[in-house]
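Here is the structure we will look at.
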2 protein chains.
Amino acid sequence: MAVPSRGSSTATAADVARLAGVSPGVVSRLLNGDETLRVRDETKERVRRAAMQLDYTPNFAARALRKAKAGVIGLAVHDASNPIYSQIIAGAQAEATRAGYALMLADVDALATDHALFQRVVASGAIDGLLLQRAGTPADALVAKIAAERVPTVLLNDRSRGPIGSVAVDDYAAARLGVSHLIDLGHRDIGLLQVDGPRSRTSQRRKGWADALAAAALPAPAARVVGGGHTPEAGYRGMTALLTSSDRPTAVFVANSLSAVGALSAANDLGVGIPADLSVVGLHDLPLADFLHPKLSVVRLPLFEMGVRAVALMLEQLDDKPARHESIDDPGPVLVVRASSAAPGTR
Amino acid sequence: MAVPSRGSSTATAADVARLAGVSPGVVSRLLNGDETLRVRDETKERVRRAAMQLDYTPNFAARALRKAKAGVIGLAVHDASNPIYSQIIAGAQAEATRAGYALMLADVDALATDHALFQRVVASGAIDGLLLQRAGTPADALVAKIAAERVPTVLLNDRSRGPIGSVAVDDYAAARLGVSHLIDLGHRDIGLLQVDGPRSRTSQRRKGWADALAAAALPAPAARVVGGGHTPEAGYRGMTALLTSSDRPTAVFVANSLSAVGALSAANDLGVGIPADLSVVGLHDLPLADFLHPKLSVVRLPLFEMGVRAVALMLEQLDDKPARHESIDDPGPVLVVRASSAAPGTR
DNA sequence: GTGAAAGCGCTAACAA
DNA sequence: TTGTTAGCGCTTTCAC
């Protein structure tokens, strides 16, 4: 059982040149589509055929060295298994591929902890730019800062307006849409289960909640806001706290997809009927939302598109354009009504 | 608002050499820990300090060119957002980082479709080896074949025994464990919701199911096996089919995590009480399993570890050792009993 | 103990 | 219209 004969001595540009009877320079310029190159069609054809015949592929390292560009974009996340991140990653992947770039995966925490790793990945020229999904830890604030000193950097899902580029979705509009839906259903007492900590995303979402309420001349008491984190566990705890208090709201907007799953679970465990006793709307759609019990109503935000736009922003910066901040609102937030939201008291 | 001064003219080995008053060769050998190098401690120290002072990091491309090795392992998956794959990816990521390699992400379908992309990623020397998570499509059989001709390749979660290296978990033992658990609970009529198609994983799981039944002198009728795919949708359909047939089993082993979620959902929608009317055990643990309704009992397999071992196998091959097939059974399958499995008829 | 030089494969500038 | 050359930054062999 022979191992496939690898090392079939990859052909170089010089080989192609030799076979075609031209010089390496011509091969390079031709295959890279140099417009200023004037060659006979006949020669052109000869070179193309030679390249084809030898199955020529330019050597990655040589080209990267020469052009001082790797053609690789780094993508650093905390938790690649978070389904929300996954959608962003998929978008980034698609756009990077389209633009001829490859995507290199890195773990933010490892990057922050391991200096040698950081150097190898960020400072060695292995990547031309870095896409960074921060989670709000001190570690990634540091990584962002240091990385931006070395390579173009774009912050994912982040509305900070510093010198580092960023791309965000419209959290405010999303929260407002979700809460308005609940109001339209007839709810008057609507809680907010929010991610804790002083993040701009959090405050946007809270503002959306409050403004939707205000627009309907409803109060938005601070007591109706509880911490729900960004994990199912935290959502479970937050919802439990909310539901075991003496008076409970008739509906809750959960400002995070994973914690919405936990929230649902808590309500189930406490015997609180959804949507009969409590309506729940989550932020961000989940692949599994349609298979939860009950099926979770959500506000969907263009996460894939955000990955795409992040890479687009990166390409701009790689083209020496200045860093920008982009808020994606073309595909705006869309309400996906499933079974977890209904008029108060519906069977 | 000044843009961080990038292009701080990264230092080269020559710069370090100049500052330390030695030649570039010494810098290289010293920093790479060449044992055969004999230098005065004093010189050694001088070079180290110079490197530190200039914040020297070896240029990635130059090194890759010279050594004909990129220090990068490619990872091709169909769907990075599948939580099962995510765990494997996390393991691969961790081990690759540990070994000083970076991970490059690719989409199998894009690789199969776009020849130029394939060349750029696999044939250009951008990656030293490829980890491939196949899904059983014709596309990825092709990718595996062509890729293996160019770079060391390891198949993830695959028990094929051809010339290409592979790593697998013990699907047989897992299925057997899950079904035995159900038997221990008192079930006598246990269905199998399996991934369709002629995959070795599928047949292993089916065999585990059948053998567990046989060991308890129970029949394993083919009519009790239904297709459940590997998506929540497919699981939903499969479970619906199973439950709407005239006589239904009292328990089901679902041989895929995502389809188990759909299966649960179908049972809920049909008003079939779990575990009262039906016990369900899934294969592979999910981050969300503990928050489903009811909480899903599963057999957990060492997925993270599989990612780790896949990279380890790759490292062997990169070290010119022959390709191997590894079945991970050190952390064996473990039963995680939650709320979806109980004795038949329990409240 | 350390320096010098060659060369990995490519591209860009300059010759011819 | 095409060839030649220089050099990207590194490692490695050989010379001193």
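Each chain gets a letter, A, B and so on, in the order the sequences are listed, and its residues count up from 1. Just the heavy atoms: all of them, side chains too, but no hydrogens, waters or symmetry mates, feed the values below.
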Taking every non-hydrogen atom, the tightest pair across B:Pro152 and B:Gln317:
CB-OE1, 3.6 Å
Residue pair B:Thr153 / B:Ala148: nearest heavy atoms and the distance that separates them
OG1-CA, 3.3 Å
Rounded to whole angstrom units, what separation is found between the CG atom of B:Asp34 and the P atom of D:dC10?
17 Å
Any ion pair linking B:Glu42 and B:Arg40 (charged N to carboxylate O, less than 4.0 Å)?
no
Sub-4.5 Å side-chain heavy-atom contact between B:Leu156 and B:Val167:
yes
Of A:Ala14 and A:Arg29, the one whose closest nucleotide on DNA chain C sits nearer the 5' end is A:Ala14
Could you identify which residues of residues 36-60 of chain B place a heavy atom less than 4.0 Å from some atom of DNA chain C, listed by residue number, or say none?
B:Leu37, B:Arg38, B:Val39, B:Arg40, B:Thr43
Applying a 4.0 Å non-hydrogen cut-off, can you work out what A:Asn32 is touching in the nucleic acid: base, sugar-phosphate, or nothing?
sugar-phosphate
Decide, yes or no, whether a salt bridge links B:Asp34 with B:Arg29 under the criterion of side-chain N to carboxylate O below 4.0 Å.
yes
For a quick test of reading the model: is some side-chain N or O of B:Thr12 closer than 4.0 Å to OP1 or OP2 of D:dG9?
no
Take atom CD of B:Glu35 and atom P of C:dG1, then tell me their distance rounded to the nearest Å.
15 Å
Nucleotide of D:dG9, D:dT2, C:dG9 approaching B:Ala62 most closely (side-chain heavy atoms):
D:dG9
I want to check something: taking the side chain as every heavy atom from C-beta on, are B:Leu105 and A:Ile89 in contact at a cut-off of under 4.5 Å?
yes
Which is true for A:Gly125 with a 4.0 Å heavy-atom rule: it touches a base, it touches only sugar-phosphate, or it touches nothing?
nothing
Below 4.5 Å, heavy atoms only, C-beta onward: do A:Arg150 and B:Thr57 meet side chain to side chain?
no
Using a 4.0 Å cut-off on heavy atoms, which residues in residues 63-70 of chain B reach DNA chain C? List them by number, or say none.
B:Leu65, B:Arg66
Which atom names give the shortest non-hydrogen contact between B:Asp128 and B:Tyr101, and what distance separates them?
OD2-CE2, 3.6 Å
Whole-Å distance between D:dT12 P and B:Leu31 CG?
13 Å
Quick check on B:Asp330: does its CG atom have over 12 non-hydrogen neighbours (other residues, nucleotides or ligands) under 6.0 Å away?
no
Distance, rounded to the nearest Å, where A:Leu30 contributes CG and D:dT2 contributes P:
10 Å
